[in-house]
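Submitted below is the structure of interest, expressed as structure tokens.
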Amino acid sequence: MIRLALRDLRRRRTEAALLLLAILAATTTLTLGLVLRDAAGDPYQSTRAATNGPDVVANVGQAAALAELGKLATASGVTEHSGPYPVVAGKLEASGRTSDVQAMGRDATVATVDQPKVTQGGWVGDGGVVLEAAFADSLNVGVDDSVTLGGRSFKVVGVAVTAAMPPYPGASCIVSAGCINGAIPDDRNLPAGLLHNPGLVWLTQADVRSLASDRSSLSYVMNLKLADPDKAQAFVDRSSGDHGGAMPMQTWESVLADATDLAKDSQILLLIGAWLLGLLAVASLSVLVGGRMADQHRRVGLLKAVGGTPSLVAAVLLAEYLLVAAVAAAAGLTIGALTAPLLTESSAGLVGSAGTASPTWSTFGLVTAVALGVAVVATAVPAVRGARSSTVSALTGAARPARG
């Protein structure tokens with residue numbers, strides 16, 4: 001069967017190439033969709049490692065709740081922490097634009113958990129502000145530029161990235177005023193004090209407190225490192241229950257999901273495209289198979305004449321299409337895995353680049369099954385019909401001259 005299939009493929013190279021391309025397009029697109037998010041997650045993991053990113057970020061909106069926030073530092077499963085750090089909502093003016101911001105007060109010394117990695121300039125100091133990298137990129141602001149925050153002028157002393165929240169404009173909300181991300185019809189319809197797509201900046205704790213109108217306007221955030229990062233959600237569920245849900249917490253998995261949200265949308269579109277290409281491949285293959293089966297009546301008759309069973313005849317007719325499908329699946333998996341990083345542009349708010357995501361066994365199995373399924377669906381009916389035809393009709397049908 002393999003020998004006959006290979007001979008047919010050599011004799012009909014153009015048809016074989018068209019068949020290969022049809023299935024290859026579907027398998028490559030499907031592979032891209034399945035591995036895209038894994039490739040997109042690489043820069044976040046690099047940022048998390050470079051900044052000793054937290055496993056859980058907790059925040060409270062009132063100074064009175066600081067004692068409860070402090071209890072998390074000694075909670076079961078917590079190995080390290082940093083903070084609590086004061087945070088104030090404000091407006092930043094730069095390059096002729098005004099943007100909502102969350103200004104976090106930090107120490108000049110290095111934190112054990114979530115020490116933002118400076119990509120330009122230096123870290124916080126009196127009178128200086130450090131901007132989150134994606135936010136700085138959107139404002140086209142860099143080191144040594146001046147910005148206005150809360151009516152005061154600050155010099156941009158650095159640009160940094162963090163794994164404690166998604167890059168701008170998807171930053172987590174850590175202020176009591178509340179935030180809304182995404183486009184809105186009219187900014188004037190926002191409730192008073194609600195931040196729209198806030199950026200993140202870091203100042204000294206003294207500068208943040210000086211920007212607060214009063215102590216009640218300050219929120220506080222704490223970063224936690226757990227003994228088992230994979231149990232971050234279980235820790236949040238347990239701790240939130242202890243505090244009646246009044247202490248918002250975010251796990252590193254949820255930050256990762258938000259940071260790769262764009263890749264998720266691309267993944268959905270690619271998966272839809274893969275199934276549409278698969279249907280197109282079935283339709284194209286059905287046309288090719290219909291013409292091919294008409295030329296294989298004599299082979300069917302000869303196989304039956306020497307004792308071939310209908311199942312053997314059907315297998316012979318299917319073999320070359322399954323062989324092409326297997327090659328297309330292997331090629332699609334390889335091309336898809338190598339191309340995924342090229343389609344996953346790293347955000348300015350993350351370090352590193354998208355790596356080559358290796359397909360998992362489930363991805364390998366699904367892509368292969370789809371490729372073989374396309375071949376079987378398109379060829380099974382004609383192959384079975386040909387296999388069931390009688391030996392005499394197959395031989396005489398092949399010998400009958402064409403009309404016209």
Q. side-chain contact (heavy atoms from CB on, under 4.5 Å) between S82 and K225: does it pass, once the steps are laid out?
A. CA-CA 9 Å; S82 63; K225 204 75 172 175; over 6 Å; no
Q: Flag the pair V157 / V130 as yes when at least one side-chain heavy-atom distance between them is below 4.5 Å, and no otherwise.
A: yes
(Q) For K231, is there an ion pair with D237 - N to carboxylate O distance below 4.0 angstrom? (A) no
Q: Supply the atom-to-atom distance L203 CG to Y85 OH, rounded to the nearest 0.5 angstrom.
A: 14.0 Å
Q: Flag the pair V113 / H81 as yes when at least one side-chain heavy-atom distance between them is below 4.5 Å, and no otherwise.
A: no
Q | Identified side-chain contact (heavy atoms from CB on, under 4.5 Å) counterpart of S239 within the set L72, V78, V56, L224 | A | L72
Q: Could you tell me whether the side chains of T112 and N52 share a donor-acceptor contact shorter than 3.5 Å?
A: no
Q.
Between W252 and Q45, does the side-chain contact (heavy atoms from CB on, under 4.5 Å) criterion hold? Intermediate values first, please.
A. CA-CA 10 Å; W252 69 271; Q45 295 294 0; 3.6 Å; yes
Q) Side chain of T27, backbone of A328: donor and acceptor closer than 3.5 Å? A) yes
Q: Scan T51, D114, N223 and name whichever one has a side-chain hydrogen bond (donor to acceptor under 3.5 Å, both in side chains) with T162.
A: D114
Q) Does some side-chain heavy atom of L139 sit less than 4.5 Å from a side-chain heavy atom of V147? A) no
Q.
For the backbone of K71 and the side chain of T74, can you confirm whether one donor and one acceptor N or O come within less than 3.5 Å of each other?
A. yes
Q: Please lay out, stage by stage, how M165 and V57 fare under the test side-chain contact (heavy atoms from CB on, under 4.5 Å).
A: CA-CA 9 Å; M165 65 171 60; V57 179; over 6 Å; no
Q. Would you say the side-chain atoms of R152 and S210 include a donor-acceptor pair closer than 3.5 Å?
A. yes
Q) Does A25 offer a backbone N or O that forms a donor-acceptor pair with the side chain of T28 under 3.5 Å? A) no
Q: Could you check D207 against V124 for side-chain contact (heavy atoms from CB on, under 4.5 Å), going step by step and ending with a plain yes or no?
A: CA-CA 10 Å; D207 282 339; V124 296; over 6 Å; no
(Q) Given 3.5 Å as the limit, does a donor-acceptor pair link the side chain of R48 with the main chain of P54, or not? (A) yes
Q: Flag the pair V255 / P166 as yes when at least one side-chain heavy-atom distance between them is below 4.5 Å, and no otherwise.
A: yes
Q | Donor-acceptor pair, side chain of W123 and main chain of D107, under 3.5 angstrom | A | yes
Q | Side chain W202, main chain R106, donor-acceptor under 3.5 Å | A | no
